[in-house]
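Note sheet for the following structure.
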Amino acid sequence: MKKSHKRIISSISSLIGLLVGFKLMDFLRSDSCLDLGGSLTNWGACDFGDARAEAIPLGLPSLALVITVSIVTYIVVNYFIKQAFKSF
C-alpha cells in the first residue's frame, strides 16, 4: 500500500472519529439539559425559560467517554478501510 493511501485512510478515519465524537457530545449535552428540566434551542443551547439560553458543560467522565469512543472509532474504521484496500 502506498504512503499516500495510508495518509488518505488515516485522514478519513480521523474525520469519522471526530464526527462520532461530536455527535456523542451533542447527545450527552442535550441529555443533561433535558435531565435538568430545560429545553433545547435550535442551535443546541439549553433554555430554562428565563431570558437567556446557556450551554451545559460536560463533566470529566463524559469527556473521557467521548475521547475514548472517538479513538476506538478511529482505530476500527482505519482497520476496516485498510482491509478493504487489501482486497482490491
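- With hydrogens and angles ignored, the 3.5 Å screen pairs a side-chain donor or acceptor of Ser30 with a backbone N or O of Asp26.
- The CG atom of Leu58 sits 4.5 Å away from atom CZ of Arg29, with the distance rounded to the nearest 0.5 Å.
- Under a cut-off of 6.0 angstrom, the local environment of CZ in Phe48 is crowded, with over 12 non-hydrogen atoms contributed by other residues, nucleotides or ligands.
- We find the NE2-NZ distance between His5 and Lys82 to be 13.0 Å, quoted to the nearest 0.5 Å.
- With 3.5 Å as the limit, one finds no donor-acceptor pair spanning the side chains of Ser13 and Tyr79.
- Residues Phe22 and Leu63 share a hydrophobic cluster, clusters being chains of Ile/Leu/Val/Met/Phe/Trp/Tyr side chains in contact below 4.5 Å.
- The two atoms that bring Ser39 and Cys33 nearest to each other are O-SG, 3.9 Å, heavy atoms only.
- No option in Val20, Leu18, Asn78 other than Val20 meets the side chain to side chain contact (heavy atoms under 4.5 Å, CB included) test with Thr73.
- Looking at every heavy atom in both residues, Ser11 comes nearest to Ser14 through O-OG, 2.9 Å.
- Pairing each heavy atom of Ser32 with each of Ile56, the nearest pair is OG-CG2, 3.5 Å.
- At most 12 non-hydrogen atoms from other residues, nucleotides or ligands lie less than 6.0 angstrom from CG of Leu60.
- Looking only at side-chain heavy atoms (C-beta outward), Ile16 and Tyr74 stay at 4.5 Å or farther from each other.
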What donor-acceptor contacts under 3.5 angstrom involve side-chain atoms of residues 64-72, with partners at least two apart or in another chain?
{"residue": "Thr68", "atom": "OG1", "partner": "Ala64", "partner atom": "O", "Å": "2.7"}
{"residue": "Ser70", "atom": "OG", "partner": "Gly17", "partner atom": "O", "Å": "3.3"}
{"residue": "Ser70", "atom": "OG", "partner": "Val66", "partner atom": "O", "Å": "2.9"}

